[in-house]
Amino acid sequence: MAEALNLLLDPQIVVVFFLASCFGLFVGIVPGLSATLATALLVPVTFFMPPVAAITAIIACSAMAVFSGDITGAFLRIPGTSASAAYNDDSYFLTQQGRLPDALGASLLSSAIGGILGTIVLVTLSTQLAKVALSFSSYEYFWLVLIGLSAGVLISPSSPYKAMISLSLGLLLSCIGVALTGQQRFTMGLLDLQAGVSLVAVLIGAFAVAELLRKAETAKSDVVKHIPKVSGNVLAGQFKRMWEHRVGVLRGSALGVIVGVIPGAGCDLAAWLSYALSKRMSKTPEKFGTGHQEGLIEAGASNNSALSGAFVPTLVFGVPGDSLTAIIIGILLIKGITPGPAVFVESAPLVYSLFTVFFLANIVMVPLGALAIYASRGILQVKDSILYPIILVFCIVGAYASNNTVFDIWIVVLTGVAVWILNRNDYPAAPLVLGLVLGGMLEAHLYTSVLKSHGRVMAFFERPIAGTLGVITIIIWTLIFVMPHIIRYRERRRMRAQEA
Amino acid sequence: MRRNDTIGGAGFLALGVGVGIYALNMNNYAFIGPGLFPFAVGVLISISGLAILIGSFSSQTRPEHAQDVEGQAVETHRITFSNALAIAIVPVAAIVYALFVRTTGSLFMNFLVVALTALVWGQRLLNAVLLGAVTSIGIYLFFRIGLGVPLPNGFLEALIR
């Protein structure tokens with residue numbers, strides 16, 4: 001722990017923390033730019049940083065971006081990140097009523113508290129789970145990775161077959177390069193593909209360039225935004241409100257962590273579930289959506305605690321909790337650090353630095369977030385025609401800089417255009433990235449398991465934990481593919497019965 | 001019939017079959033080998049593609065919508081003449097950058113990409129030029145000086161040195 005603190009007191013880390021926080025706040029505020037995009041844009045920058053600085057940047061940026069998405073929602077009724085969408089209406093109507101502290105002040109404090117509580121759970125749960133994970137073999141890891149990938153498909157709002165296509169494309173991309181046996185696969189004779197497809201380039205293409213293309217569909221229609229002036233203390237009376245709603249804050253934080261820990265789920269799902277639960281438990285559910293604090297506070301706590309929760313499977317098993325943590329796994333792998341129980345021993349200072357950064361990010365979020373609220377009026381009035389060209393060139397240079405090759409720029413373009421076309425046809429992007437990040441791990445564990453078992457399928461279920469995880473995977477696949485058909489068949493029978 | 005899904009489904013079915021055959025060839029048609037995993041992926045793509053293809057002919061459609069990269073439902077905007085250029089400039093600018101950056105240097109290409117994109121997206125010429133210049137210098141300072149990343153040199157970099 002002392003070594004971790006020493007690492008963090010390095011002036012470079014302090015500067016990186018501060019700049020990444022400001023970057024995350026800025027990106028989260030702008031409509032159309034998400035926490036995931038902010039993280040993807042930071043990837044080429046973190047490429048050149050030492051591991052602690054890289055992780056510090058990503059955590060600080062993502063924690064701030066998840067909160068600052070609330071600011072756009074409050075002023076423009078457009079959620080800045082998908083996690084803010086759950087309570088967007090309440091936030092907006094409170095602001096319209098002149099109750100900005102009740103909207104953004106409450107959201108800021110509840111996010112900070114939720115994040116801190118989530119971090120406490122992250123620290124205790126991950127260290128305990130790591131001890132259990134030490135006994136895992138390739139069979140357990142195979143099922144765990146498969147659960148993570150399958151959960152990404154289950155939770156996707158798209159058709160399961162389209163989500164599966166997206167996932168499979170990611171897995172296919174992970175096959176490009178030299179196989180475990182040393183044979184070249186899908187390289188098409190290109191030297192640049194022998195080391196595989198650049199993860200940095202695919203992340204930038206899938207999350208940044210695809211978003212730019214989507215934004216370009218409305219590029220010429222710069223909307224005039226009417227944003228009220230922010231004055232007074234945005235936190236006025238909110239500490240008292242947190243105490244009044246302490247049950248909601250605790251409940252939201254707990255639910256957020258639970259959802260965050262589930263591989264494939266994420267902050268946005270946590271926020272929606274929390275909002276729905278708050279409404280269910282409320283004495284005044286009819287007020288939700290009209291400018292009511294209860295749901296906003298609970299869901300605000302939930303989405304930041306989910307971010308901490310998502311790090312539990314990420315660190316302990318190397319299975320991402322959401323697309324944000326998929327990017328973080330990618331960064332760790334680039335830095336030569338393989339997530340898993342061994343990382344708690346081999347890179348203990350890094351892990352404890354990560355925990356400390358989480359605490360700091362959620363504490364520093366309060367003053368920085370308050371400043372961001374005051375600065376938001378100026379930020380929200382920046383035109384798309386100024387902002388997006390800058391983002392585009394940053395993407396291009398970032399892609400080039402990571403490997404010093406123009407080939408990666410081609411990857412960015414191809415991935416960006418492909419994901420944009422896929423998105424337009426309701427194919428999700430997140431499973432593609434999950435597949436790319438986890439494909440190598442899945443194949444390695446599959447290979448090892450098949451070799452150990454001499455091709456016996458039952459060997460995958462013989463160990464108790466592996467067997468349990470295998471059954472869970474089968475249940476998830478049943479839910480994904482079979483349940484929708486059963487539900488549709490029952491609907492049709494019911495409608496025919498009604499017509500008769 | 002949903003035409004996009006028919007084309008997509010058929011395309012992915014073909015891709016899956018192609019990947020599967022390529023993978024089997026890698027293994028010399030044995031079970032374990034470098035083609036095991038790609039074969040499984042090929043099967044997944046084929047089955048999913050077939051399901052999408054069949055589903056595209058179904059009269060019972062589930063509501064479908066475009067998505068942003070976080071999976072949120074968003075409005076689909078038709079690609080018309082007015083937005084086609086704004087959309088096209090994004091990949092075209094990146095391609096031009098990839099083709100010419102080693103010849104012209106990064107300072108000039110950064111300027112060109114930003115200025116052209118800003119212009120196409122509705123900025124006035126002078127504003128686009130200023131934005132390009134400021135951004136190009138900012139990126140040079142950030143990547144070259146700040147992070148120590150080597151970027152391609154060109155005639156503008158030669159003037160500075």
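Numbered from 1 within each chain, the chains take letters A, B, ... in sequence-line order.
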Peer 1: Who among V209(A), L212(A), L451(A), V406(A) has the most heavy-atom pairs with chain B under 4.5 Å?
Peer 2: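 Result: the option with the highest number of such pairs is V406(A).
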
Peer 1: List in chain and number order the residues that pass side-chain contact (heavy atoms from CB on, under 4.5 Å) with A51(B), two or more places apart in sequence or in another chain; answer none if no residue qualifies.
Peer 2: Y161(A)

Peer 1: For R102(B), does the CZ atom have more than 12 heavy-atom neighbours from other residues, nucleotides or ligands under 6.0 Å away?
Peer 2: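 Above 12, so yes.
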
Peer 1: Flag the pair F12(B) / L169(A) as yes when at least one side-chain heavy-atom distance between them is below 4.5 Å, and no otherwise.
Peer 2: yes

Peer 1: Which atoms of L99(B) come close to chain A, meaning under 4.5 Å heavy atom to heavy atom: side chain ones, backbone ones, both, or neither?
Peer 2: side chain

Peer 1: In Å, rounded to the nearest 0.5 Å, how long is the span from NZ of K215(A) to CH2 of W121(B)?
Peer 2: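 The NZ atom of K215(A) sits 8.0 Å away from the CH2 atom of W121(B).
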
Peer 1: With a 4.5 angstrom heavy-atom cut-off, is it the side chain or the backbone of F394(A) that approaches chain B, or both, or neither?
Peer 2: both

Peer 1: Show the nearest heavy-atom pair for residues D5(B) and K162(A), with the distance to one decimal.
Peer 2: OD1-NZ, 2.9 Å

Peer 1: Name all residues meeting the side-chain hydrogen bond (donor to acceptor under 3.5 Å, both in side chains) criterion together with Q12(A); count only those two or more places apart in sequence or in a different chain, and write none if there are none.
Peer 2: none

Peer 1: In Å, rounded to the nearest 0.5 Å, how long is the span from OG of S385(A) to CG of N127(B)?
Peer 2: 8.5 Å

Peer 1: Can you tell which part of L180(A) gets under 4.5 Å to a heavy atom of chain B, answering side chain, backbone, both or neither?
Peer 2: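 When you check distances to chain B, no heavy atom of L180(A) falls under 4.5 Å.
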
Peer 1: If the condition is side-chain contact (heavy atoms from CB on, under 4.5 Å), which residues does A399(A) pass it with, not counting sequence neighbours?
Peer 2: I204(A), V412(A)

Peer 1: Give the minimum heavy-atom separation between P34(B) and R185(A), together with the two atoms involved.
Peer 2: O-NH1, 2.7 Å

Peer 1: So, taking the atom named CD1 in I45(B) and the one named CG in L171(A), what distance separates them when rounded to the nearest 0.5 Å?
Peer 2: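 Going from CD1 on I45(B) over to CG on L171(A), the span is 8.5 Å.
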
Peer 1: Rounded at 0.5 Å granularity, tell me how far CG in L44(B) sits from CD1 in I165(A).
Peer 2: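 L44(B) atom CG to I165(A) atom CD1 measures 9.0 Å (nearest 0.5 Å).
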
Peer 1: Quick check on the interface: out of G398(A), S168(A), A179(A), A401(A), who has the most heavy-atom pairs with chain B under 4.5 Å?
Peer 2: S168(A)

Peer 1: So which residues of residues 105-113 of chain B are in contact with chain A at a heavy-atom cut-off of under 4.5 Å?
Peer 2: N110(B), V113(B)

Peer 1: Let's test your reading of the structure: which of V134(B), I95(B), V101(B) forms the most heavy-atom pairs below 4.5 Å with chain A?
Peer 2: I95(B)

Peer 1: Is there a side-chain contact between Y400(A) and V149(B), using heavy atoms and a 4.5 Å cut-off?
Peer 2: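 The answer is no, as the side chains (C-beta and beyond) never meet within the 4.5 Å cut-off.
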
Peer 1: Under a 4.5 Å cutoff for heavy-atom pairs, which residue among I409(A), L446(A), V393(A) has the most contacts with chain B?
Peer 2: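 Top option by heavy-atom pairs under 4.5 Å: V393(A).
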
Peer 1: With rounding to the nearest 0.5 Å, note down the distance linking CD1 in I390(A) to CG in L131(B).
Peer 2: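 Spacing of CD1 (I390(A)) from CG (L131(B)) equals 4.5 Å.
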
Peer 1: Return the OH to CG distance between Y447(A) and L36(B), rounded to the nearest 0.5 Å.
Peer 2: 6.5 Å

Peer 1: Below 4.5 Å, heavy-atom pairs only: which of T405(A), V45(A), V433(A) has the largest tally toward chain B?
Peer 2: V45(A)

Peer 1: Count the heavy-atom pairs under 4.5 Å between each of W420(A), F186(A), F407(A) and chain B, then report the option with the highest count.
Peer 2: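 Heavy-atom pairs under 4.5 Å are most numerous for F186(A).
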
Peer 1: Who among G49(B), P152(B), G42(B) has the most heavy-atom pairs with chain A under 4.5 Å?
Peer 2: P152(B)

Peer 1: Can you give me the closest heavy-atom contact between I386(A) and Q123(B), atom names plus distance?
Peer 2: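 For I386(A) versus Q123(B), the nearest heavy atoms are CG1-NE2, 3.5 Å.
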
Peer 1: Among the options L50(B), V114(B), I47(B), I89(B), pick out the one with the most heavy-atom pairs lying under 4.5 Å from chain A.
Peer 2: V114(B)

Peer 1: For residues E217(A) and I87(B), report the shortest heavy-atom separation together with the two atoms involved.
Peer 2: CG-CD1, 3.9 Å

Peer 1: Does some side-chain heavy atom of F142(B) sit less than 4.5 Å from a side-chain heavy atom of V397(A)?
Peer 2: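 The answer is no, as the side chains (C-beta and beyond) never meet within the 4.5 Å cut-off.
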
Peer 1: Side chains of L213(A) and P91(B): does their closest heavy-atom pair fall under 4.5 Å?
Peer 2: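 They are in side-chain contact.
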
Peer 1: Using non-hydrogen atoms only, which part of V90(B) is less than 4.5 Å away from chain A: side chain, backbone, both, or neither?
Peer 2: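 Interface part for V90(B): both.
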
Peer 1: For L167(A), is it the side chain, the backbone, both, or neither that has a heavy atom closer than 4.5 Å to a heavy atom of chain B?
Peer 2: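 Neither part.
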
Peer 1: Mind listing the closest non-hydrogen atom pair of C175(A) and F37(B) along with its distance?
Peer 2: SG-CD2, 3.5 Å

Peer 1: Is it the side chain or the backbone of S174(A) that comes within 4.5 Å of chain B heavy atoms, both, or neither?
Peer 2: side chain

Peer 1: Given heavy-atom pairs under 4.5 angstrom as the criterion, report whether the side chain, backbone, both or neither of F481(A) touches chain B.
Peer 2: neither

Peer 1: Given ring-ring contact (aromatic ring centres under 6.0 Å, His included), test F48(A) with F143(B) step by step and report yes or no.
Peer 2: CA-CA 10 Å; F48(A) 302 98; F143(B) 277 93; 7.3 Å; no

Peer 1: Does any backbone or side-chain atom of L15(B) lie under 4.5 Å from a heavy atom of chain A? Answer side chain, backbone, both or neither.
Peer 2: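 Contact with chain A: side chain only.
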
Peer 1: Where on V417(A) is there a heavy atom nearer than 4.5 Å to chain B: the side chain, the backbone, both, or neither?
Peer 2: side chain

Peer 1: Which one, L116(B), L151(B), I52(B), N4(B), leads in non-hydrogen pairs under 4.5 Å with chain A?
Peer 2: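 It is I52(B).
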
Peer 1: If you take all heavy atoms of Y22(B) and Q184(A), which pair is closest and at what distance?
Peer 2: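 Y22(B) and Q184(A) have their closest heavy atoms at OH-O, 4.4 Å.
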
